[in-house]
2 protein chains.
Amino acid sequence: MTLGEEPAAEHAHTTAWIASVLRGRIAAGRLTPGSKLSEQSLSAALGVSRNTLRQAFTTLAGESIVTRVPNRGVFVASPGAEEVREIYRVRRTIEPAAVLWGEATPEALNAMEAIVQRAQAAREAGSVADMAGANQEFHEAVVGLTGSSALRALMDRVLAEMRLVFYAMASAPDFHSHYVSRNAGLVQRLRAGQNELAATELREYLDAAEAELLEHLTGVAQ
Amino acid sequence: MTLGEEPAAEHAHTTAWIASVLRGRIAAGRLTPGSKLSEQSLSAALGVSRNTLRQAFTTLAGESIVTRVPNRGVFVASPGAEEVREIYRVRRTIEPAAVLWGEATPEALNAMEAIVQRAQAAREAGSVADMAGANQEFHEAVVGLTGSSALRALMDRVLAEMRLVFYAMASAPDFHSHYVSRNAGLVQRLRAGQNELAATELREYLDAAEAELLEHLTGVAQ
DNA sequence: CTCGCCAACATTGTTGAACAATCCATACTT
DNA sequence: AAGTATGGATTGTTCAACAATGTTGGCGAG
């Protein structure tokens with residue numbers, strides 16, 4: 001739990017294990033955007049060969065969690081304004097499509113409503129992290145309506161990049177709380193079978209979120 | 001050295017180079033679905049170390065062009081019925097969304113129309129390969145309307161998997177020719193600003209294509 | 001004093017060999 | 001003949017080395 005790495009738990013795929021460890025550290029904010037991941041130090045710290053670490057790097061680079069600069073090394077991705085725009089291009093495409101054409105079964109809607117309630121509870125408790133987590137879970141559930149694992153994986157990557165955006169921002173504004181009630185409204189629309197209305201509202205939602213994020217991003221940095 | 005691999009042109013990123021070579025061979029059908037990619041033979045044939053070949057494998061596995069079975073090796077992916085369903089879940093989500101909400105600029109429409117004409121010419125010339133290629137290009141252009149490189153990359157992967165499906169089929173039916181005229185109609189709808197109609201027609205289009213493919217697939221194999 | 005060149009250093013990219021772990025196939029035992 | 005044991009082959013991982021490239025510092029010229 002400290003800083004040491006002692007697991008040494010022989011795993012089938014050491015490379016996948018290492019990749020997941022790094023993914024977790026980045027997601028948890030222990031490795032901030034822009035940090036350099038030195039092969040030498042990391043291989044020593046994790047107790048694996050430089051070679052397997054390298055393999056883990058290629059998988060993480062494939063997930064665009066990490067960027068590779070030739071002969072310079074790998075760095076934790078530090079998304080800027082352009083990356084944010086790209087993120088919302090993706091979200092504005094697949095999320096409304098999911099609510100419009102996805103299979104909103106009663107079970108799926110119940111699960112989404114449960115997530116919304118968890119987000120509301122977290123908001124009232126003042127736990128920003130939990131609220132942000134529940135919010136991301138909600139949007140993942142939205143994409144899950146398509147039933148496609150590939151789209152879900154893409155959304156995972158996009159949300160991971162979103163987390164990096166938040167870590168890269170100096171000041172962390174109250175970004176999620178505005179949107180919790182909108183999520184609740186979205187579920188209601190879907191329950192009523194008003195999919196088209198839900199889709200257009202979600203697109204406006206995403207437009208607003210992107211604008212807010214971009215404003216905060218360009219206002220602080222660059 | 002079987003057939004011509006002699007370049008040995010020192011490339012900046014050997015691993016990326018090797019990955020693209022394998023990608024090309026698979027796309028060209030020289031490596032058919034299910035084939036085993038032996039580390040020993042391939043590393044010798046390509047003139048690279050087993051270690052770098054391994055790294056190239058991880059990138060290809062990330063693109064799901066290749067599947068890795070622990071302690072058994074890597075094989076060219078051989079998509080079955082379930083994979084086809086997944087492919088069309090993705091396509092049925094992002095392609096209609098692209099025509100519905102994407103920016104169909106005049107230049108983009110002109111480019112799409114040019115692709116359609118190339119497909120028609122190939123059909124009349126009887127060149128199935130060219131027609132199939134143009135058809136895939138068309139759908140890539142459709143996704144390109146979103147302006148998102150990530151969605152475009154996803155579509156690339158999906159189309160690569162589609163190619164594997166065709167290679168895996170014993171008999172190659174005339175699959176694409178039915179749909180060339182539909183593509184032309186789609187462009188017309190977009191030119192007229194009838195995006196919603198275009199989207200619903202595209203969804204029906206994709207439904208029909210999936211059904212036809214599944215029928216041929218389950219009829220022949222399994 | 002500043003600018004540009006140059007050499008030493010550090011890091012990454014790639015290779016080859018080695019060993020453990022696992023799977024497959026053959027041959028052996030009962 | 002059926003099940004089991006043994007051997008070989010392939011993959012997974014590590015290590016040590018070298019080549020290629022980037023960085024850093026100092027040096028001298030202007």
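In this text the structure is predicted, and so the values were computed from the model without any measurement. Note on naming: letters A, B, ... go to the chains in the order of the sequence lines (proteins, then strands), and numbering restarts at 1 for each one.
Taking atom CH2 of A/W17 as the reference point, atom C1' of D/dG12 lies 17 Å away to the nearest angstrom. Note: NE2 (A/H13) to P (C/dT22) measures 11 Å, nearest angstrom. Taking atom CD of residue A/Q40 and atom P of nucleotide D/dG22, one finds them 19 Å apart after rounding to whole Å. Distance A/E39 CD to D/dA20 C1': 14 Å, rounded to the nearest Å. Look at CG on A/L37: it is 14 Å from P on C/dT11, rounded to the nearest Å.
Looking only at atom types and distance, the side chain of B/S35 has a donor-acceptor partner in the side chain of B/T32 under 3.5 Å away. With 3.5 Å as the limit, one finds no donor-acceptor pair spanning the side chains of B/E83 and B/Y88.
Of the charged side-chain nitrogens involved, at least one lies within less than 4.0 Å of a carboxylate oxygen, so that A/E82 and A/R89 count as a salt-bridged pair. Ion pairing between A/R118 and A/D130 fails under the 4.0 Å rule for side-chain N and carboxylate O. B/R85 and B/E210 are not joined by a salt bridge, as no carboxylate oxygen comes within less than 4.0 angstrom of a charged side-chain nitrogen. Between A/R23 and A/E63 there is a salt bridge, since a side-chain N of the basic residue sits under 4.0 Å from a carboxylate O of the acidic one.
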Between the protein and nucleotides 18-21 of chain C, which nitrogen or oxygen pairs come in under 3.5 angstrom?
from   : atom 1 : to    : atom 2 : distance (Å)
C/dA18 : N6     : B/R50 : NH2    : 3.1

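Residues B/H216 and B/F166 keep their aromatic ring centres 6.0 Å or farther apart.
OP1 or OP2 of D/dT13 lies within a sub-4.0 Å distance of a side-chain N or O belonging to A/T14. Within the structure, every side-chain polar atom (N or O) of A/R72 is placed at least 4.0 Å from both OP1 and OP2 of D/dT21.
Applying the ring pair (Phe, Tyr, Trp, His ring centres under 6.0 Å) test to residues at least two apart or on different chains, the pairs with a partner in residues 129-156 of chain B are B/H139-B/Y205.
If you check residues 51-60 of chain B against DNA chain D, the residues with a heavy atom closer than 4.0 Å are B/N51, B/R54, listed by number.
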